[in-house]
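In listed order, ligands and their atoms are each counted from 1. Numbers here simply count residues along the sequence, with the first being 1.
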Amino acid sequence: MSYQAEYIWIDGTEPSPLVRSKTKIVATGKKPGIWGFDGSSTNQATGANSDCVLQPVFVCADPLRGEDNVLVMCEVLNVDMEPHPTNTRHACVASAERYASHEPWFGFEQEYTFLQNGRPLGWPATGFPAPQGPYYCGVGGDKMPGREIVERHTAGMLRAGLAIEGTNAEVMMGQWEFQIGILAAPECADQLWTARWLLFRVAEDFGVWATLEPKPILGDWNGAGCHTNFSTKEMRAEGGWDAIIAACEALGKNVDEHVENYGFGIEMRLTGHHETQHYSKFSYGVSDRGASVRIPWQVAKDRRGYIEDRRPNANMDPYVVSRLLVETVCGAEEGDRG
Ligand code: ADP
Ligand code: MN
Ligand code: MN
Ligand code: MN
């Protein structure tokens, strides 16, 4: 007997990579091993030297095929087993190991927009739906297109054993969110990439594309972000408030490196409107959804907990974002001690 392993990886498409996958039949009792693909078809190699290596790093049940079938998230390596230039996970693992004693935790809020025929799902073929207002967490009528897809995706996440925490309809019609966490790096990012693959795959069955475009519709329509919630052991501990403020201050000293690596097209989304701070500015505040970094009210009340970096785009790479947060915040924590 054999089972199907769906190997998933991140390609080399510019400016934002795409997710790819292909199926390997594996003999029952064997684990999904190293595999390969044609990198010249994914922007990862030249035709004359096309082989790239898939190294399995995270395996979960395949909720669509069921039975013994699995999903296999992979890192891309060169044939010499060194990380491929498009492999951002490798550096994420290194920083997670370097700062493991800080016990950094993550929760990602992945926003996305359903598209059909190049238009947000449920929108009229020309013109616009009623203005924003009723859609966020809305219910009823024809206001909330895409809910069947969201339900199928959520059920799949649970069946796969992935750490989905919740879902909600977003401010723009056709835009939705799921949250994933609370997990350490790189696992939180492994799970987010797997969850994105599952979303795209489930939406396929409905003839719909779930895009991570940060600003799918210009004008008075919210963009799509991936708010990244972050904490360290110090921030979560009794009296963690000072560490929380120190984390915000550290982020304020390293604005450009973060913003430049928080997803292509970030200046289109971080306009200072639609619940964002302008990309050229940095601010933090309790309950402030117009700030770069928000401290949730419950955290302010408890004087400990986590912060929400509101800047990352929906199309950000969670390996890069989690690495930067760890390096900036944990790096500063060590500096303070040192
Ligand atoms: P909102 O929409 O109000 O910004 P959500 O409920 O969508 O908030 O998301 C909250 C996120 O905070 C979740 O992804 C959760 O994992 C994350 N989170 C909660 N506690 C922590 C923590 N201690 N460290 C890191 N992330 C956390
Ligand atoms: Mn949210
Ligand atoms: Mn949201
Ligand atoms: Mn949020």
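Taking CZ from Phe128 and CG from Asp220, the interatomic distance works out to 10.0 Å, rounded to the nearest 0.5 Å. Between the CG atom in Leu18 and the OG1 atom in Thr13 there is a gap of 4.0 Å [rounded to 0.5 Å]. To the nearest 0.5 Å, atoms OG1 (Thr113) and CD (Glu213) are separated by 8.5 Å.
Here the side chain of Asn69 pairs a donor or acceptor atom with the backbone of Gly66 at under 3.5 angstrom.
The residues Glu6 and Arg65 are annotated as salt-bridged, a charged nitrogen and a carboxylate oxygen being separated by less than 4.0 angstrom. Ionic pairing of Asp302 and Arg304 is not present here: no N-O contact between side-chain nitrogen and carboxylate oxygen is shorter than 4.0 angstrom. Arg89 has a carboxylate O that lies under 4.0 Å from a charged side-chain N of Asp190, or vice versa, which qualifies the two as a salt bridge. A salt bridge links Arg152 and Asp205; the closest N-O separation between the charged side-chain nitrogens and carboxylate oxygens is under 4.0 Å. Using a 4.0 Å cut-off between charged side-chain N and carboxylate O, Asp11 and Arg20 make a salt bridge.
Closest to atom 4 (O) of ligand 1, if we only count protein heavy atoms, is Glu308 OE2, 2.8 Å. Ranking the protein heavy atoms by distance from atom 3 (O) of ligand 1 puts Arg289 NH2, 3.1 Å first. Remark: minimum distance from atom 1 (P) of ligand 1 to any protein heavy atom is reached at Glu109 OE1, 3.5 Å. Looking from atom 11 (C) of ligand 1 to the surrounding protein, the closest heavy atom is Asn229 ND2, 3.2 Å.
Contact analysis leaves Met235 out of contact with ligand 1, as no non-hydrogen atom separation drops below 4.0 angstrom. Residue contacts with ligand 1: Arg310 is excluded, as none of its non-hydrogen atoms falls under 4.0 Å.
At the Mn ion (ligand 3), the vertex angle linking OE2 of Glu111 with OE2 of Glu170 is 90° (nearest 10 degrees).
When only interatomic distances are considered, the shortest N/O to N/O separation between Ser231 and ligand 1 falls below 3.5 Å. In terms of polar-atom proximity, Asn168 is not counted as a contact of ligand 1, lacking any N or O under 3.5 Å from an N or O of the ligand. Taking only nitrogen or oxygen atoms, main chain and side chain alike, Arg236 does not reach within less than 3.5 Å of ligand 1.
Using cut-offs of 30° and 60° for the angle between ring planes, the His258 and Tyr262 rings count as perpendicular.
Shown in contact with Gly107 at under 4.0 Å from a heavy atom are these atoms of ligand 1, numbered in order with element: 14 (O), 16 (O), 26 (N). Atoms of ligand 1 found under 4.0 Å from any heavy atom of Glu177, numbered from 1 in the order shown, are 7 (O).
Look at Glu109 and the Mn ion (ligand 2): an N/O/S atom of the residue is under 2.8 Å from the metal.
Atom 15 (C) of ligand 1 has its nearest heavy-atom neighbour, among Glu165, Gln298, Gln179, in Glu165. Closest heavy-atom approach to atom 20 (N) of ligand 1 within the set Tyr306, Phe178, Phe230: this belongs to Tyr306.
Looking at Glu177 and the Mn ion (ligand 2) together, the shortest N, O or S contact belongs to OE2.
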